[in-house]
J.: 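Dumping the structure here so I can ask a few things about it.
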Amino acid sequence: MSAPVSHWFSSLAGGGGMPAARPPLDGDRRVDVCVVGGGYTGLWTAYELRRTHPELDVLVVEREVCGFGASGRNGGWVQGALAGDPSTWTGRGGAEGARRMRAAIRATVGEIAAVAEAEGIACDLLVSGTLTVARSGVELERLRALERAARRDGLWDGGEDALLGRDEVAARVRIPGAVGALFDPACARVQPAALARGLADAVERAGATIVEGTAVTAIEPIRGTVPAVARTDRGDVHARWVVRATEGYTPELPGERRTLAPITSSMIVTEPLGPERWAQIGWSGAETLLDAGPLYHYLQRTADGRIAIGGRGVPYRYGSRTDREGPVPASTVATLRDGLVRLFGPALRGVAVDDAWHGVLGVARDWTPFVTADSTTGLASAGGYVGEGVAASNLAGRTLRDLLVGRRSELAALPWVLPPGGRPPRWEPEPLRWAGVRGVYGLLGLGQEIERRTGRASRVTALAGRISGH
Ligand SMILES: Cc1cc2nc3c(=O)[nH]c(=O)nc-3n(C[C@H](O)[C@H](O)[C@H](O)COP(=O)(O)OP(=O)(O)OC[C@H]3O[C@@H](n4cnc5c(N)ncnc54)[C@H](O)[C@@H]3O)c2cc1C
């Protein structure tokens with residue numbers, strides 16, 4: 001495996017490209033904690049465990065190289081937000097639980113920035129907030145409704161959070177037709193692969209071991225006096241705890257086919273934009289950008305002077321198939337480029353696309369992320385972040401740490417922690433799973449079209465939003 005999986009890997013400092021894999025597992029091992037998957041979730045869990053409990057023997061087993069999955073391919077939004085309808089969190093933890101969940105994820109943005117600085121992880125991280133830009137009355141009304149709901153539920157910070165008017169938006173970024181935007185300060189921009197690779201190095205410095213090029217083929221619980229085990233193609237790892245951190249790839253493991261659905265998100269990056277184009281666009285800060293349409297696009301201004309934009313590609317493949325290395329269809333690249341040019345207008349006409357890639361997110365049946373650990377089975381896992389996992393995976397890593405060492409902390413009592421032995425609700429078997437996921441995206445696309453034609457909010461969008469927790 002040598003072709004870079006994203007612009008983020010191609011542009012890593014020191015020449016770019018896929019890094020050589022660390023040595024694989026060399027026969028059977030016995031450890032305290034075996035972490036399966038070297039993305040952010042697995043790496044943060046290992047880092048936090050070793051940072052606070054250096055006596056624990058922690059091993060990370062990665063099938064490819066650390067950051068190969070979504071962690072090295074994402075949009076680079078370190079967002080202080082979680083997937084899932086606010087009512088889900090209220091339902092699980094009451095109003096107070098929902099507030100604690102929100103406070104914890106917002107504080108995580110600063111937590112990641114602090115670790116990156118302390119560990120010297122050079123990943124272009126800038127805490128600069130995020131703008132959700134409305135380009136029609138319907139979109140603006142959706143933002144206003146969000147603001148109203150946040151105020152009603154006591155979730156509006158009232159500080160730097162702001163609904164910006166047309167001129168205030170134009171002062172930050174010139175998007176033709178923008179009528180307003182929601183600014184949320186709880187977001188940082190990051191170079192995703194640089195964060196993943198730097199974090200893997202920090203995990204090793206903290207004293208955990210990482211093996212790469214080693215596929216886990218099965219995870220089995222504690223049986224009597226036999227500890228939990230992660231079976232691999234290169235030996236078995238017995239452990240007091242096995243943490244599954246495989247997100248969108250989870251369905252490939254035995255018994256996990258219906259735990260998480262892998263949903264594809266695709267990205268392109270432009271050529272470096274010259275000073276003239278940047279002057280026209282006027283996007284001089286590093287705020288991440290989202291358009292407020294039902295089938296939104298997410299964007300970042302990269303540290304190397306390009307725009308990276310992502311959106312839905314072919315969202316779901318029958319039978320939860322994941323195309324781990326396949327090329328992005330030309331039609332998806334064209335759609336994303338069109339979306340970009342439509343957003344910025346003439347300033348980006350003729351802009352070249354330098355790279356395109358995609359990756360898989362993990363989505364639970366209730367579209368809500370979770371953390372779970374059960375000391376009687378020795379099994380733990382976290383994920384289902386949908387498209388909001390960069391910050392959430394750090395919070396999950398710290399939460400798993402507390403659960404694994406039996407610490408009764410505030411983190412261990414957050415509403416996303418399932419009771420011991422709890423699992424997220426399972427997806428339906430095929431073909432219902434395929435029909436369900438495709439149906440949600442079909443409805444969102446239809447809703448967008450109706451909004452564009454009529455200029456009015458569509459019930460179809462609301463229905464899809466209710467189903468998918470947005
Ligand atoms: C295109 C795209 C854009 C995104 N944009 C954003 C964004 O801007 N902001 C945001 O918050 N979130 C975003 N996300 C989501 C975010 O990237 C993920 O939620 C997050 O990276 C998940 O981290 P993870 O460690 O749980 O999973 P992953 O990073 O997918 O890591 C799982 C790891 O497990 C390994 N693995 C799988 N199976 C096995 C096995 N059997 N044995 C051993 N190892 C195995 C894989 O190789 C992989 O390295 C985006 C995702 C994508 C795909």
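Throughout, residue positions are numbered sequentially from 1 according to the sequence presented. Both counts, for ligands and for their atoms, begin at 1 and track the order of listing. Computation of the quantities below employed the complete heavy-atom set of this structure, encompassing side-chain atoms and omitting hydrogens, waters and symmetry-equivalent molecules.
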J.: Spell out, as yes or no, whether a donor-acceptor pair under 3.5 Å connects the side chain of Gln191 to the backbone of Trp8.
T.: yes
J.: Is Arg258 close enough and on-axis enough to Trp427, meaning under 6.0 Å and within 45°, for cation-pi?
T.: no
J.: Using a 3.5 Å cut-off on N or O atoms only, is Ala391 in polar contact with ligand 1?
T.: no
J.: Hey, which of Asp304, Asp354, Asp355, Thr302 is the one that makes side-chain hydrogen bond (donor to acceptor under 3.5 Å, both in side chains) with His7?
T.: Asp304
J.: Which part of Trp357 is near ligand 1, with near meaning a heavy atom under 4.0 Å away: side chain, backbone, both or neither?
T.: neither
J.: With heavy atoms of Val390 as the reference, note each atom of ligand 1 found under 4.0 Å away.
T.: 9 (N), 10 (C), 11 (O), 12 (N)
J.: Below the 3.5 angstrom mark, is there an N/O of Ser71, backbone or side chain, next to an N/O of ligand 1?
T.: yes
J.: Among all residues two or more places apart in sequence or in another chain, which pass the side-chain contact (heavy atoms from CB on, under 4.5 Å) test with Pro221?
T.: Arg223, Thr377, Leu379
J.: For ligand 1, does Tyr385 get within less than 4.0 Å through its side chain, its backbone, both, or neither, judged by non-hydrogen atoms?
T.: side chain
J.: Should the proximity of Ala245 to ligand 1, defined as any heavy atom under 4.0 Å, be assigned to the side chain, the backbone, both, or neither?
T.: backbone
J.: Which of the atoms of ligand 1 are close to Val360, meaning less than 4.0 Å from one of its heavy atoms?
T.: 53 (C)
J.: With a 4.0 Å heavy-atom cut-off (strictly under), which part of Tyr249 contacts ligand 1: side chain, backbone, both or neither?
T.: side chain
J.: Please work out which of Gly80, Ala392, Gly39, Gly37 has its closest non-hydrogen atom nearest to atom 31 (O) of ligand 1.
T.: Gly39
J.: Do Leu299 and Phe344 come within less than 4.5 Å of each other through their side chains, counting heavy atoms only?
T.: yes
J.: Give the numbers and elements of all ligand 1 atoms closer than 4.0 Å to a heavy atom of Arg73.
T.: 1 (C), 2 (C)
J.: Which of the numbered atoms in ligand 1 are under 4.0 angstrom from any heavy atom belonging to Val61?
T.: 43 (C), 44 (N)
J.: Tell me whether ligand 1 is touched by His358 - counting only heavy atoms on the residue side and a distance under 4.0 Å.
T.: no
J.: Compute the shortest N/O to N/O distance between Met267 and ligand 1 and return yes if it is under 3.5 Å, no if not.
T.: no
J.: Taking N or O atoms only and a 3.5 Å limit, does Gly67 qualify as a polar contact for ligand 1?
T.: no
J.: List ligand 1 atoms under 4.0 Å from Tyr40, heavy atoms only on the residue side.
T.: 21 (O), 25 (O)
J.: Could you establish whether Gln79 and ligand 1 come within less than 4.0 Å of each other, counting only heavy atoms on the residue side?
T.: no
J.: Test your reading of the model: is there a side-chain donor-acceptor pair from Trp77 to the backbone of Glu388, 3.5 Å cut-off?
T.: no
J.: Side chains of Ile105 and Trp416: closer than 4.5 Å at any heavy-atom pair?
T.: no
J.: Output yes when Glu212 and Arg197 qualify as a salt bridge under the 4.0 Å nitrogen-oxygen rule, no when they do not.
T.: yes
J.: Does the side chain of Arg244 come under 3.5 Å of the side chain of Thr259 through a donor N or O and an acceptor N or O?
T.: no
J.: Hey, is Ser393 one of the residues with a heavy atom under 4.0 angstrom from ligand 1?
T.: no
J.: I'd like to know whether Asp374 forms a salt bridge (Lys or Arg N to Asp or Glu O under 4.0 Å) with Arg423, so could you lay out the CA-CA distance, the side-chain angles of the two residues, the decisive distance to 0.1 Å, and finally the verdict.
T.: CA-CA 10 Å; Asp374 182 1; Arg423 296 173 63 109; over 6 Å; no
J.: Please list all pairs passing the salt bridge (Lys or Arg N to Asp or Glu O under 4.0 Å) test where one or both residues lie in residues 23-46, with sequence neighbours left out.
T.: Arg29-Asp57
J.: Within a distance under 4.0 Å of any heavy atom of Gly389, pick out the atoms of ligand 1 and give their elements.
T.: 10 (C), 11 (O), 12 (N), 19 (O)
J.: Which ligand 1 atoms, with their elements, are less than 4.0 angstrom from a heavy-atom of Thr214?
T.: 43 (C)
J.: Contact between ligand 1 and Gly76 is defined here as a heavy atom of the residue under 4.0 Å from a ligand atom; is it met?
T.: yes
J.: Say whether Gly383 and ligand 1 are in contact under the criterion: heavy-atom distance to a ligand atom below 4.0 Å.
T.: no
J.: Before signing off on this row, confirm whether Ala70 and ligand 1 have an N or O atom pair separated by under 3.5 Å.
T.: yes
J.: Within a distance under 4.0 Å of any heavy atom of Gly75, pick out the atoms of ligand 1 and give their elements.
T.: 3 (C), 4 (C), 5 (N), 6 (C), 7 (C), 8 (O)
J.: Is the NZ or CZ atom of Arg73 positioned over Phe68's six-membered ring, under 6.0 angstrom from the centre and within 45° of the axis?
T.: yes
J.: Does the Thr214 side chain pair with the main chain of Val61, one donor and one acceptor, at a distance under 3.5 Å?
T.: no
J.: Is there a donor-acceptor pair under 3.5 Å between the side chain of Asp124 and the backbone N or O of Ala303?
T.: no
J.: Give me the residue, atom name and distance of the protein heavy atom closest to atom 48 (C) of ligand 1.
T.: Glu62 OE1, 3.5 Å
